[in-house]
Amino acid sequence: MPELPEVETVARYLRETVVGETISAVVVLDPRFADLEETHELVGRRVLRVGRRGKHLSLELDDDWVLQLHMMMAGQILVRPREHSEDRFLRLQFNLSGDIEVRFCDSRRFGRAYQLDAPAYREFLKSLGPEPLADSFTARLLLKALAGRRVALKSALLNQQLLAGVGNIYADEASWRARLHPLTPAGSLSDAEAGRLHRGIRRVLRDGIASCGTTFSQYRSAEGEPGEYQSQLRVFQRTGEKCFRCREEIERIVVGGRSTHFCPKCQPASRAAGS
DNA sequence: CAATCAACCTGGGTGC
DNA sequence: TGCACCCAGGTTGATT
């Protein structure tokens with residue numbers, strides 16, 4: 001599921017709907033899902049801000065309490081009116097003042113919810129790589145993050161300590177934009193290539209947000225709506241279809257255990273290991 | 001320290 | 001219909 005554009009889409013809706021609301025009840029349906037030792041501590045607290053860092057969502061509450069949510073592969077965070085019908089795979093629910101509920105659903109039970117105190121939250125914010133859409137994220141910074149890395153570019157882009165928020169879909173899409181083979185050694189990029197990659201990453205993430213994310217099956221916005229970026233994908237899950245740039249057939253390989261899609265003609269394997 | 005890989009889970013789709 | 005098998009947007013922890 002959810003990569004940066006999908007999480008941002010959810011965060012934006014939460015900002016419109018739950019900021020200022022007070023938690024009136026926490027319902028844990030799957031104890032393994034939520035690492036909330038003291039759920040009663042959350043009751044009565046108000047949501048002051050909704051943050052997003054990489055693929056993580058943070059509900060910042062009164063007294064520096066933070067509720068961290070991660071949707072992993074299949075999670076859905078839905079904002080529902082109390083009378084809304086039951087949602088499938090509900091694992092955790094927050095009832096809010098104003099008769100609305102935040103429902104965290106997840107068929108695969110990979111998602112997680114947990115509390116952080118202020119110091120732990122600061123540590124967490126520092127533990128991830130730069131935000132790719134921040135003004136401060138430059139091509140030079142990207143080059144620096146990749147410097148010295150011999151892993152495949154694809155694997156580096158998925159490393160959240162190097163760059164926060166890019167996942168399997170947007171990594172492939174950005175590499176296609178930059179005309180870089182996914183097996184290119186991450187630390188071998190020239191200035192020009194890093195510039196193209198930097199533009200590609202920001203382009204696909206911005207476009208993804210503008211389309212409210214990519215939905216193949218599970219992902220829904222907090223309003224329960226599917227995203228629309230899947231119609232704009234250039235390589236992801238287009239194996240055997242024609243490249244939009246050169247009409248060559250898109251190929252699929254496995255890199256670091258992850259399905260990887262690219263155009264063998266537009267993204268030549270000059271320096272790429274193993275091909 | 002860097003890189004690789006299995007494990008965590010379940011549902012949906014496909015092919016026999 | 002049933003069943004075996006493959007695939008999936010992510011992360012972490014053990015191992016090399």
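Basis for what follows: all heavy atoms, side chains included, without hydrogens, waters or symmetry-related copies. First the proteins, then the strands, lettered A, B, ... as listed; each starts at 1.
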J.: Salt bridge (charged side-chain N to carboxylate O under 4.0 Å, His left out): which pairs involve residues 77-98 of chain A, sequence neighbours left out?
T.: A:R80-A:D87, A:R82-A:D99, A:D87-A:R103
J.: Tell me which nucleotide among C:dT11, C:dG9, C:dA8 gets nearest to the side chain of A:N168.
T.: C:dG9
J.: Can you tell me how far P of C:dT12 sits from CE of A:M72, to the nearest Å?
T.: 7 Å
J.: Using the salt bridge (charged side-chain N to carboxylate O under 4.0 Å, His left out) rule, collect all pairs that involve residues 115-125 of chain A, keeping only residues at least two apart or in two chains.
T.: A:E123-A:K126
J.: Calculate the interatomic distance between A:M71 atom CE and C:dA8 atom C1'; express it in whole Å.
T.: 16 Å
J.: Suppose the criterion is side-chain hydrogen bond (donor to acceptor under 3.5 Å, both in side chains): which pairs have a residue in residues 137-147 of chain A, not counting sequence neighbours?
T.: none
J.: Report the residues that fulfil salt bridge (charged side-chain N to carboxylate O under 4.0 Å, His left out) with A:E21, sequence neighbours left out, ordered by chain and then residue number.
T.: none
J.: Strictly below 4.0 Å: does A:H70 bring a side-chain N or O up to OP1 or OP2 of C:dT11?
T.: yes
J.: Rounded off to whole Å, could you give me the OH-to-C1' distance for the A:Y114 and C:dT11 pair?
T.: 10 Å
J.: Distance check needed: C:dG9 P versus A:Y170 OH, whole Å only.
T.: 13 Å
J.: Where does the chain A footprint on DNA chain B start and end, counting 5' to 3' with a 4.0 Å heavy-atom cut-off?
T.: B:dA3 to B:dG12
J.: Got a sec: does the CZ of A:R150 have more than 12 other heavy atoms crowding it under 6.0 Å?
T.: no
J.: Mind checking the C1' distance from C:dG9 to B:dA3? Whole angstroms is fine.
T.: 23 Å
J.: What pairs of residues pass the salt bridge (charged side-chain N to carboxylate O under 4.0 Å, His left out) test when at least one of them lies in residues 66-78 of chain A, not counting sequence neighbours?
T.: none
J.: What is the distance, to the nearest angstrom, from the CD atom on A:Q160 to the P atom on C:dT11?
T.: 4 Å
J.: Rounded to the nearest angstrom, tell me the gap between atom CG in A:D172 and atom C1' in C:dG9.
T.: 11 Å
J.: OP1, OP2 of C:dG9 versus side-chain N and O of A:R258: anything below 4.0 Å?
T.: yes
J.: Can you pull out the residues from residues 206-217 of chain A that lie within a 4.0 Å heavy-atom distance of DNA chain C?
T.: A:T214, A:T215, A:F216, A:S217
J.: Under 4.0 Å, counting only non-hydrogen atoms across every strand here, what does A:G257 touch: a base, just sugar-phosphate, or nothing?
T.: nothing
J.: Can you give the dot-bracket line for DNA chain C, where a pair is Watson-Crick or G-U wobble with both atom distances under 3.5 Å, crossing pairs use [ ], and | marks a partner on another strand?
T.: .|||||||.|||||||
J.: Which residue pairs pass the ring-ring contact (aromatic ring centres under 6.0 Å, His included) test with at least one member in residues 151-171 of chain A, sequence neighbours excluded?
T.: A:Y170-A:Y229
J.: Looking at A:E6 and A:K55, is any side-chain nitrogen of the basic one under 4.0 Å from a carboxylate oxygen of the acidic one?
T.: no
J.: Please classify the nucleic acid contact of A:R149 as base, sugar-phosphate, or nothing, using heavy-atom distances under 4.0 Å.
T.: sugar-phosphate
J.: What is the distance, rounded to the nearest whole Å, between atom NE2 of A:H56 and atom C1' of C:dT11?
T.: 8 Å
J.: For the pair made of NZ in A:K55 and P in C:dG10, what is the distance, rounded to whole Å?
T.: 4 Å
J.: Would you tabulate the side-chain donor-acceptor contacts of residues 12-20 of chain A under 3.5 Å, counting partners in other chains and residues two or more places apart, or write 'none'?
T.:
residue, atom, partner, partner atom, Å
A:R12, NE, A:E8, OE2, 2.9
A:R15, NE, A:V50, O, 2.9
A:R15, NH1, A:E8, OE2, 3.4
A:R15, NH2, A:V50, O, 3.2
A:T17, OG1, A:Y13, O, 2.8

J.: Check this one for me: any side-chain N or O of A:R252 less than 4.0 Å away from OP1 or OP2 of C:dA8?
T.: yes
J.: Are more than 12 heavy atoms, taken from residues, nucleotides or ligands other than A:R203, located less than 6.0 Å from that residue's CZ atom?
T.: no
J.: Please give the distance between the P atoms of C:dT11 and B:dG12 as a whole number of Å.
T.: 23 Å
J.: Taking only residues at least two apart or on different chains, which pairs with a member in residues 74-133 of chain A satisfy ring-ring contact (aromatic ring centres under 6.0 Å, His included)?
T.: A:F33-A:F104, A:H56-A:F124
J.: Any chance you could pull the hydrophobic cluster mates of A:L158, using side-chain heavy atoms under 4.5 angstrom and chaining through other members?
T.: none
